[in-house]
Each structure stands twice: as structure tokens, then as C-alpha cells.
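Atom set for the values below is all heavy atoms of this structure, side chains included, hydrogens, waters and symmetry mates excluded. Letters A, B, ... are given to chains in the order of the sequence lines, protein chains preceding strands, and every chain is numbered from 1.
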Amino acid sequence: MESINILEVSNLTTRFRNENGYTIAVDNISFALREKETLGIVGESGSGKSVTALSILKLIPEGIGEIMKGSVIYRDADNNEHNLITVPEKEMRNFRGKEIAMIFQEPMTSLNPVLTCGTQVREIMRAHLKIKAKEARKKAVALFEEVHLPRPEKIYSSYPHQLSGGQKQRVMIAMAMACNPRILIADEPTTALDVTVQKTILELMKELQEKHGMSILFITHDLALISGFADRIAVMLKGHIVEQGTATDIFNSPSHPYTKGLMNCRPPMDIRLKKLATVEDFLKAEGKDENGQLKVLFSPENIESAEERLTRHLQIYSRQPILEVTDVKTWFPSSYSLTGKPLRMIKAVDGVSFQVFPGETLGIVGESGCGKTTLGRTILNLVKATSGKILFERNELSKLNPAKLRQIRKDIQIIFQDPYSSLNPRVTAGSAIEEPMKVHHLYDSRRERKAKTIELLELVGLESNHYYRYPHEFSGGQRQRVCIARALALNPKLIICDESVSALDVSVQATVLNLLNELKRKFHFTYIFISHDLSVVHFMSDRLIVMKDGKIEEIGHADKIYAQPKSLYTKTLLDAAPNFSGHMK
Amino acid sequence: MVKFILKRLFYGILVMLGVIVINFILFNILPGDPARMMLGQRADIASVEAINKDLGRDRPKMIQFLNYLNDLSPLSFHNAINPSSYWYLDPLKYTNATQLVQFSKSAVLVVKEPYLRRSYQSKKPVDEILIEGFINTSVLALVSMAFAMILGIVIGIICAVYKNSWIDRVSVVFSVLGMSLPSFFAAILFAWLFAFVLADYTGLNMAGSLFSVDDMGRGEYLDLKNLILPALTLGIRPLGIVVELTRNSMLEVLSQDYIRTAKAKGLSPRRILIRHALKNAMNPVITSMSGWLASLLAGAVFIEYIFDWKGIGLVIVNALEKYDFPVLMGAVLFISVILVVINIFVDIIYGWLDPRVRVQ
């Protein structure tokens with residue numbers, strides 16, 4: 001049975017203004033959304049997927065972007081067709097929120113902070129349905145109940161900042177569902193949320209779809225996430241749709257190399273690859289020899305066998321630990337008395353002990369707020385521990401004098417999460433890398449330092465002429481490479497990677513992970529790898545710490561924890577992680 | 001909220017204590033003999049000494065300070081019997097005093113209105129002089145602020161909505177002009193233009209206060225038209241600032257995600273602008289305007305001087321000329337109280353505008 005197309009997008013082209021003219025963000029794309037189906041649009045940042053969604057509802061900011069051509073035909077319940085592109089703005093309001101509702105990526109910023117959740121849900125009903133305020137209130141509370149919010153009456157009069165991220169997204173969904181729309185556009189609705197929360201939100205969307213029979217346009221960067229959710233999928237790359245088809249077809253026999261690349265650049269959970277495949281590998285290998293690089297990536301040589309791993313581990317764990325953390329607590333006061341004494345404490349890190357051995361990668365995984373970042377900063381002494389001992393090569397960090405501490409600082413470096421904000425926009429890449437050398441008087445002359453910097457740039461896969469470039473001239477992946485080079489500038493022994501690849505696209509993520517591993521093999525670094533992403537942590541780590549509420553939930557060998565998690569929390573965490581299993585055969 | 005206000009009041013009292021100490025030290029190291037000022041240069045030593053004794057200036061500085069504190073504090077100790085004591089509970093000095101506790105035959109603890117002493121010049125109680133000036137000043141300040149806020153917010157919103165249109169560009173130019181126009185110059189310019197050149201059409205006076213004295217002998221009457229020019233002049237700079245702040249803050253808010261959400265909900269543009277954007281955009285405006293209001297209440301010296309508006313600014317200028325210490329000391333305290341009170345009010349407004357501020 002062929003169901004009808006509720007939304008037909010044809011030849012849609014949207015462009016944005018930039019310093020030198022225009023960039024085409026969405027280039028001549030066509031697709032259709034059928035009744036009651038879920039269509040997934042997958043693409044990385046800059047692929048034009050969000051612009052597509054905004055173009056459908058004509059929410060492209062005026063003066064910055066414009067729809068150049070194309071049509072968006074919406075078929076209403078009475079089978080009348082409307083071309084949304086040509087509908088005047090005043091009429092367009094009747095479609096927004098009523099026929100087509102939208103939920104956005106960031107529930108934190110997408111809700112108005114100064115209005116109560118109830119008001120925000122009520123006003124959409126008051127705008128579209130002819131109902132009284134009292135009735136709208138009742139309906140809003142019922143909606144909150146339908147999206148499984150606890151104590152809906154209380155939520156009704158709460159402000160957004162009083163709710164958790166997941167609850168905010170539920171309020172957003174309630175708002176979108178308020179007028180019973182026939183189409184729900186979800187633009188990365190779960191990207192800002194923890195995996196366990198993500199799972200429940202997806203379940204809720206599925207439930208609502210079945211109950212109300214609406215169509216969902218689901219936009220995401222995560223192919224694995226959409227695999228169990230969408231009926232059909234469109235893959236976008238640089239403003240084009242490169243492939244579309246049913247989910248089963250796309251996952252079992254992807255035709256475009258980009259899709260293949262996307263599927264393979266996520267670290268697999270079952271085998272241990274030495275080097276990850278990248279999207280670039282697939283794009284380059286397209287149509288060329290089958291014995292090339294691709295083949296190598298899938299050959300047994302690229303897989304670390306259990307025996308290899310065991311011998312490596314035997315060697316690592318026979319050494320003296322490089323870092324010993326004993327019962328460390330880091331508490332922050334959250335409220336003060338009148339005289340300035342702390343009344344309540346947030347226990348960010350609450351009694352954590354572990355050891356790190358030279359040459360290993362210790363993964364720390366946990367959801368937001370579990371204390372993993374604070375732990376990393378406490379080790380670096382960027383945040384003072386409230387109590388406990390941290391020994392680096394048998395020196396207790398808190399008892400060292402400033403001069404000695406400075407010496408040790410050189411040996412421990414950190415790579416932060418956001419390469420956009422962790423580089424000073426007014427400092428060139430070269431000076432950013434050179435600065436720590438200067439501070440620690442590492443080389444004698446300027447020339448030597450510069451030579452070393454260029455060597456580092458080349459080591460992390462950049463070019464020597466990048467020395468004079470400013471951060472904004474780099475892409476996200478390149479910036480993170482600069483950050484890595486900066487961390488390497490002091491020849492550290494221990495490097496803490498704090499969500500170092502989380503802000504990057506999956507395809508870029510794979511290349512950065514490969515780089516980190518390659519550097520480790522070359523220079524015998526020790527890593528502490530902090531991340532919320534289970535598959536990435538698994539790929540990187542020898543041993544693993546699962547954290548929750550400032551405490552260690554579980555610690556052990558990575559493979560063992562993934563195969564047989566001991567704690568219940570680890571198990572829910574692993575279950576919630578999206579994977580391709582739903583469609584792979 | 002109550003706890004929050006109490007806390008702010010407590011800090012406010014601490015600030016006031018600090019101000020009192022500094023106030024006392026400053027005016028006691030300044031040269032000048034009040035007795036000579038009151039009696040003139042040719043007074044005899046006996047009467048100078050009598051006055052000094054009456055003012056308590058023959059005591060050590062520490063005792064003088066304690067006396068000063070005792071005079072200011074609403075709760076104070078006094079001598080109820082002996083009129084020659086400095087501590088004597090003189091009904092001429094301490095108004096509305098109610099006895100709380102009697103310690104001995106003479107020593108009592110009372111509640112009273114703070115006593116700011118008397119002007120050396122006019123001999124009038126300082127609090128009377130200040131309150132009279134403050135009423136005039138606050139009328140002027142509130143009217144000019146209301147003018148600046150209402151007009152400024154409306155123009156600011158229009159500029160933000162029609163960004164880069166001619167109306168936006170013209171307003172921005174005028175608001176920059178308004179901001180950079182020195183108030184004394186604007187005052188002279190406006191007085192000349194509207195009350196001299198165009199006086200026949202406007203019917204305004206070059207100078208004048210809130211109350212005019214009638215020539216026909218009918219006493220004082222309210223003369224509201226005298227308010228127009230000074231209020232306009234005072235309002236011009238804040239107006240420019242409000243326009244600029246509202247415009248920029250609205251532009252920032254309008255690019256926020258939640259405005260996009262509101263649009264996606266199909267709300268009307270007016271509702272998006274007023275309900276969703278304006279409330280979020282008001283914080284910087286309130287911050288800057290509360291500072292302005294406070295400084296206007298503390299006396300817009302130039303404007304009051306030029307238009308002869310009998311406000312607190314004029315009182316201070318006159319007192320400065322004549323070394324009238326009690327008036328100056330009183331004015332400093334009075335202005336500090338105004339600033340503390342306004343700041344507490346502003347914090348309450350913040351809480352109302354943005355619920356996130358309410359949680360500490």
C-alpha cells in the first residue's frame with residue numbers, strides 16, 4: 001500500500017550571505033514525507049540539514065538567508081495542497097505550530113527563560129485553537145502528563161531553569177503536540193542530552209507518533225541513532241541529498257561512499273581496531289582499487305587480537321603507577337550563610353581512588369554532572385581538591401612548592417572539549433603552541449622554538465604555513481589538532497583528554513582518534529580519556545572507570561566491563577547507547 | 001524573597017555605618033571654625049566658646065563622634081533632666097522622641113527621628129532643608145526618567161525591529177548626539193531656545209521652581225510648566241542611552257533560540273516582541289537606568305543651578321559655598337541612603353524580570 005505524501009519538497013535551494021557573497025546551504029534538494037512515517041535526514045555540521053528544516057517552516061532569519069527557489073507542498077487533512085514557500089507570512093502562522101510543529105536541538109536555549117512552562121504551552125493553544133484560558137490550562141497539564149513529566153501541576157508553574165535537560169525537552173514536545181500537528185519536525189532533539197535520557201525521549205516520540213498518527217521528520221548527525229527509529233532515510237552532504245531510501249536498504253547496502261564512511265567511522269563495540277576507517281578513506285577509494293587503503297583497514301592486521309592485547313597489558317601493569325589518586329574529594333559550596341560560611345556543598349568528586357600506569361589509556365565515562373571533568377581538573381590542580389591525595393610519580397601534588405609544581409605541570413597536559421573556545425582568537429596557532437615552551441624555558445632561542453613548533457604542526461597533520469594562521473581560519477578538526485600540538489609542546493608524560501572529540505563531527509572524530517593513538521605509539525604517552533561517548537571510550541581505553549554522582553561506579557578492563565557490566569548503572573548506560581544492531585543482518 | 005530583602009537591608013546598614021565614619025572623619029579634618037562662621041569675624045571669644053560648647057566641639061574627637069552617632073541613631077541615650085548637658089533630651093533637637101527605658105534618674109533610652117543638626121547659616125534643621133530639596137529633585141528626576149524610559153524603550157524596539165532602515169539610522173545618530181551632549185550645555189541651549197527665542201510661543205520661563213510665589217500675594221502655587229525644560233534637558237542623555245541599550249539588547253534577544261521557537265509556534269509578531277523578547281531585553285536597561293535615577297536623585301547640580309530649581313543639588317552648591325558642614329554631612333548621608341534603597345529596589349525588579357535571579 002502506497003500512502004500519500006503529506007509533504008513534498010522539490011528543488012529547494014537556500015542560500016546564506018557571508019563576507020564575500022553567498023553560500024548555498026541547501027542545493028536543489030527534493031524529498032517527500034509520507035503520512036505517518038518517520039523520515040530521517042542525516043548529515044554532519046554544515047550539510048544543510050537544519051537549514052532544510054527551517055526552510056520548510058520559513059524560519060530562515062530574514063536578511064541573513066533566503067530561499068532562492070523550490071517548492072514545499074503541504075497536503076492538509078482535506079487534501080488541499082498549499083505551497084508553503086509562496087504562502088504569505090500572515091497565513092504561514094496558521095501552519096506553524098498547528099499543522100507543522102518543530103522541536104529544536106537545545107532545550108536549554110529554546111525555551112524562554114522568563115516565562116513559565118505552562119504559559120509557553122498555553123499560548124500556542126490560545127494562538128491556534130479557540131479555547132478559553134482555563135481550558136488551555138487544563139489541556140496543558142494533561143499534555144505534561146502525556147509526555148510523562150512528573151507532577152505536571154508543578155511543572156506548569158515552573159520556569160525552564162528549574163527543570164533538567166530531559167524534562168525541558170519533554171516540555172518542548174508537549175508544546176509541539178499541543179495543537180495535534182500532522183507533521184513534527186525534530187531538529188537534533190536529543191543531541192544535547194545524556195544517552196539514557198536520549199533513549200527515553202526517542203521512546204516517547206515513537207509512542208506519541210503511534211497514538212496521534214503524525215509524520216516525523218527527524219534530523220540528526222547520528223546514523224546509529226536513527227537506525228532503529230526511521231522508516232526511510234536521506235543522507236545529506238554539503239547541501240545535497242546524496243542518497244535516500246528505506247532504512248533497511250541504506251544500512252544493509254549503502255551505495256554512496258559517504259554513507260559507507262559514516263557507518264564505518266564509528267568505533268565498533270565488538271572488535272578492537274588499531275586504526276579507524278574515516279569518511280575520507282571511503283571518498284578517496286571510491287571507484288578505485290579494492291586492494292588499497294580500505295582493504296587494509298578491514299584486514300586482520302588492523303584488529304588487535306586478545307593475545308596481543310594481553311601481552312601489552314601484562315607489560316603495562318607490571319610497571320609502577322605514574323599517577324595515584326587516593327580518596328580524592330572535590331566539593332564546591334553551593335550556598336552561603338550571611339557571614340559567608342558555606343552552608344551546602346556540591347560533591348562533584350566524592351571519594352575517588354584509582355591508579356594510572358605508564359603507557360595505558362584510562363577511560364573515564366559518565367553522563368553530564370557525574371564529576372568526570374572536575375576529576376580531570378583536580379588531577380591537574382586547576383581545581384583544588386577538598387581532601388585526598390594525588391601522587392604523580394610519587395610526588396604529592398598538593399604539598400609541592402610552586403617551583404616544583406611548575407616543573408610537574410609540564411609533564412601533565414590537557415586537551416579540552418571545545419576547540420572553538422579553548423584557543424585564544426587573537427593568537428596565531430604558532431604562538432599558541434610556542435607559548436608553553438616559553439613559559440617553561442624549554443628551548444634557548446626563538447628559532448629553535450619555531451622549528452620545534454613547525455615540527456609539531458606537521459606531526460599532528462597540519463602544514464608549516466599554518467604557523468601564522470589564526471584560529472578562525474581553521475576548521476573544527478584542525479583546531480583540535482592545534483590543541484593537541486599545544487599539549488605536546490612540553491613533551492608531557494600524561495595527557496588528559498577531556499571530551500576532546502565530543503564537539504567534532506563523526507568523520508572528523510575518527511581522524512583525531514587515529515591521530516591520538518598514533519602519537520601514543522610513537523611517544524609512549526599515558527592518556528586519561530574522559531568522554532560521555534561509550535563507543536569512543538571503549539575504542540580508546542585499556543581500562544575504564546564508570547562514574548556516577550561523583551563516585552566510581554565500576555572500574556576494570558574495558559572489554560570486560562562492556563561484556564559483563566557488574567553495576568546496574570553501567571548496564572543501563574550500555575543499553576541506551578545507539579548502535580546499528582536494529583538493522584544490520 | 002523576604003530573606004533576600006532582609007539580607008540586602010543588613011548589608012545596606014553596614015554600608016551606611018561605613019559612610020557615617022568616613023563622613024565624620026572627612027568633615028573633621030577640613031579647616032574651618034563653625035562658631036566663627038556663624039557669628040562672623042568680629043565675634044568675641046566668649047560667645048565663640050559658648051557656641052562651641054553648645055555644638056559639643058570642646059570635647060575630644062572620639063566623644064564628638066559618639067555624640068554624632070547618638071544623634072543619628074534612631075535608638076539613642078540621653079539625659080532627661082539637665083538642660084546644660086550635651087546629651088540633654090532637647091525637644092527642639094530631637095523630634096518625636098519616645099522613652100523606652102529609664103536607667104537612672106537622668107539617663108534614658110529613647111526612639112526618635114535621626115537628628116541631622118542645624119544649618120550654621122539659616123539655623124533651620126538640616127533634615128527639613130534636605131527633604132524640601134529632595135521633593136523638588138525627585139519630581140524632576142522621576143519625570144525626566146519616565147520621559148527617557150518610555151520614549152526610549154519604544155524607539156529602541158522600533159529600531160530593533162526595523163534594523164538598518166532610515167528610522168533606525170536617524171534614531172541611532174540622535175541617540176549618540178543626545179548621549180554626548182553635556183547637560184549644562186543642553187540646559188543653556190534649551191533655556192535660550194525655548195524660553196527666550198521662542199518664549200512667545202511656548203510661554204515658558206527661563207528659570208523657576210516647582211512652586212512659584214504669586215505676585216498678587218496669594219502665596220505659593222504649583223507651577224508645573226516650570227518642570228518641562230529641566231526635565232527635558234535632564235532626560236536627553238538617559239533617553240539616548242535607553243534607545244541604544246534597548247535596541248542592542250532587543251537585537252541580541254531576537255536572535256535567540258527561544259524567539260525562533262516562538263515563531264515556530266505560529267505566534268503573532270506582536271506577542272513575540274512584547275511577551276517573549278522585551279522582558280528578556282530589559283535587564284541592561286534597568287541596570288543603567290537605576291544608576292542614572294540614583295545620581296539624578298542625588299541632585300542634578302548643573303541643571304538645578306541653571307534653571308534655579310530648588311532641589312538637593314542647589315542645596316549642596318549653596319552649602320559648599322558657605323562651608324555649611326551640617327548640611328553637607330546630612331546631604332552625604334541622605335544620598336547614601338537613597339543609593340542603598342534604590343539598589344535594593346533594583347534587585348527586586350531583577351527578580352521579577354528574570355526568574356533565574358530569584359534562586360541564589
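Between atom NE2 of residue A:His161 and atom CG of residue B:Asp354 there is a gap of 8.0 Å, rounded to the nearest 0.5 Å.
Residues of residues 109-122 of chain A having a heavy atom under 4.5 Å from any heavy atom of chain B, listed by number: A:Thr109, A:Ser110, A:Leu111, A:Asn112, A:Pro113, A:Val114, A:Leu115, A:Thr119, A:Gln120. Contacts with chain A (heavy atom to heavy atom, under 4.5 Å) involve these residues of residues 255-271 of chain B, listed by number: B:Asp257, B:Tyr258, B:Arg260, B:Thr261, B:Lys263, B:Ala264, B:Lys265, B:Gly266, B:Leu267, B:Ser268, B:Pro269, B:Arg271.
Heavy-atom distances place no part of A:Met108 under 4.5 Å from chain B, backbone and side chain included. Looking at A:Leu54, the atoms closer than 4.5 Å to chain B (heavy atoms on both sides) all sit in the side chain, from C-beta outward.
A 6.0 Å sphere centred on CD of B:Glu113 holds more than 12 heavy atoms belonging to other residues, nucleotides or ligands. More than 12 non-hydrogen atoms from other residues, nucleotides or ligands lie less than 6.0 angstrom from CZ of A:Phe332. By the 6.0 Å contact criterion, CZ on B:Phe174 is open, its count of non-hydrogen atoms from other residues, nucleotides or ligands being 12 or less. Residue A:Tyr22 places its OH atom among more than 12 non-hydrogen atoms of other residues, nucleotides or ligands, all under 6.0 Å distant.
For B:Phe65, the ring-ring contact (aromatic ring centres under 6.0 Å, His included) criterion is met by B:Phe24, not counting sequence neighbours. Residues satisfying the side-chain hydrogen bond (donor to acceptor under 3.5 Å, both in side chains) criterion with A:Glu106, sequence neighbours excluded, are absent altogether.
Per-residue heavy-atom pair counts under 4.5 Å with chain B were compared for A:Lys98, A:Met175, A:Gln105, and the maximum is reached by A:Met175.
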